[in-house]
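Notes follow the structure.
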Amino acid sequence: MGERELIEDVAGAPLDRDFFDRPSDVVAPDLLGRVVVHGSVAVRLSEVEAYGGPGQDPASHTYRGRTPRNSVMFGPPGHLYVYFTYGMHFCANLVCMPAGSASAVLLRAGEVIAGVHTARIRRMPHADGPDLEGLVRRVPDRDLARGPARLTVALGLVRDHNGTDCCSGGPIRAHEGRPVPSGQIRTGPRTGVSTGAETPWRFWIDGDPTVSPYRAHIPRRRGRATS
DNA sequence: TTTAGGATTGACT
DNA sequence: GTCAATCCTAAAC
């Protein structure tokens, strides 16, 4: 059995593009329990957030229209939108709706269900140094993909993956997994956004230990405190 | 050209 | 609970 078959054994068949050709707030809860795959690593999603289109959602990167950074969100559905933030982190989204509409779902957290060893090494501080397992503090399994930047690292997604088509049988795909019954889905305000936080477009699996802890947005101070 | 601030995280009190 | 790290983006000038 090859890598593909092993992954499909635990993650089911890949989702096709039609899955993403719907509004992001409809796709988002349907993504819970689904499995995002990159090579040998697979993550079962436990928490996502929907972001809307131009002029509709003040929290969305596309609210003010197309820019070089957000151009992938204006493209066809089922593509990966990876962005850099806080000077050090990458986060990953799956684009929804037809080209031109520019909405997406942020992948916030999940459980690593395949490739745990690879994911753990990626999540170690200084994984490229001489001190590997046993010498560096081991990240608990539940924390491997608990948070959007952590999930992106665990899956090995980087800047260059921005724009990747996830519905063409390539190395990065979304698989059907097992959808979560609506009774187990919880919704609430989105995390860390300074505007539009009142829209309850964060979705997570009730009671799942891999869901990230909620943190309200805190505007950061700049420069030195004076006087 | 300058500047504010960010879809976060890990360390620390 | 607080805070710094760190660089990119887009808006303002």
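Chain letters run A, B, ... following the sequence lines, proteins first, then strands; residues in each count from 1.
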Quick one: A:Arg215 CZ to B:dA11 C1', roughly how many Å, whole number?
11 Å
What's the OH-C1' distance between A:Tyr83 and C:dC7, to the nearest Å?
15 Å
My understanding is that a hydrophobic cluster links ILVMFWY residues whose side chain heavy atoms are under 4.5 Å apart, including indirect links. Using that, what else belongs to the cluster containing A:Val72?
A:Tyr51, A:Met73, A:Tyr81, A:Tyr83, A:Val95, A:Leu106, A:Val193
Under 4.5 Å side-chain linkage, directly or through intermediates, the cluster mates of A:Val211
A:Trp204
Apply ring pair (Phe, Tyr, Trp, His ring centres under 6.0 Å) to A:His161 and list each qualifying residue two or more places apart in sequence or on a separate chain.
A:His38
What's the OH-C1' distance between A:Tyr214 and B:dA7, to the nearest Å?
12 Å
Rounding to a whole Å, what distance do you find between A:His89:NE2 and B:dA11:P?
11 Å
Of the candidate nucleotides B:dG6, B:dA7, B:dT9, which contains the atom at the shortest distance from the side chain of A:Tyr51?
B:dA7
Starting at CZ of A:Arg138, measure out to CG of A:Asp143 and round the result to the nearest 0.5 Å.
12.0 Å
Here the gap from A:Leu32 atom CG to A:Arg44 atom CZ, rounded to the nearest 0.5 Å, amounts to 8.5 Å
What is the distance from atom OG of A:Ser60 to atom CH2 of A:Trp201, rounded to the nearest 0.5 Å?
9.0 Å
Mind checking the C1' distance from B:dA7 to C:dG1? Whole angstroms is fine.
23 Å
Length of the line joining A:Tyr86:OH and B:dA7:P, which is rounded to integer Å
6 Å
Salt bridge (charged side-chain N to carboxylate O under 4.0 Å, His left out) partners of A:Glu47, counting only residues at least two apart
A:Arg108, A:Arg202
Output a table of nitrogen or oxygen pairs between the protein and nucleotides 9-13 of chain C separated by less than 3.5 Å.
residue	atom	partner	partner atom	Å
C:dA10	OP1	A:Thr67	OG1	2.2

If I take atom CE in residue A:Met124 and atom P in nucleotide B:dG10, what distance separates them, rounded to the nearest angstrom?
14 Å
I'd like to check the side-chain hydrogen bond (donor to acceptor under 3.5 Å, both in side chains) partners of A:Thr67; sequence neighbours left out, ordered by chain and number.
A:Asn70
Please report, rounded to the nearest Å, how far the C1' atom of B:dG6 is from the NE2 atom of A:His217.
8 Å
When rounded to the nearest 0.5 angstrom, what distance separates CZ in A:Arg123 from CG in A:Asp141?
11.0 Å
Who are the side-chain hydrogen bond (donor to acceptor under 3.5 Å, both in side chains) partners of A:Thr210, not counting sequence neighbours?
A:Ser46, A:Asp208
Cation-pi check, A:Arg22 onto A:Phe19 ring (under 6.0 Å, within 45° of axis)
yes
The correct set of residues in residues 149-158 of chain A placing a heavy atom under 4.0 Å from DNA chain B is A:Ala149, A:Arg150
Protein-nucleotide distance (A:Arg123, atom CZ; B:dT9, atom C1'), rounded to Å:
9 Å
From A:Ser24 OG over to A:Asn93 CG, what is the distance, rounded to the nearest 0.5 angstrom?
9.5 Å
Cut-off 3.5 Å, no hydrogens considered: what does the side-chain donor-acceptor table look like for residues 1-15 of chain A, sequence neighbours left out?
residue	atom	partner	partner atom	Å
A:Arg4	NH1	A:Gly169	O	3.2
A:Arg4	NH2	A:Gly169	O	3.3
A:Glu5	OE1	A:Gly2	N	3.1

Could I get the full list of side chain to side chain contact (heavy atoms under 4.5 Å, CB included) partners for A:Pro54, not counting sequence neighbours?
A:Thr62, A:Phe74, A:Ala102
Only Watson-Crick and G-U wobble pairs with both distances less than 3.5 Å should count. Give DNA chain C in dot-bracket notation, marking inter-strand partners with |.
|||||.||||||.
Tell me which residues in residues 99-108 of chain A lie within less than 4.0 Å of DNA chain B, going by non-hydrogen atoms.
A:Leu106, A:Arg108
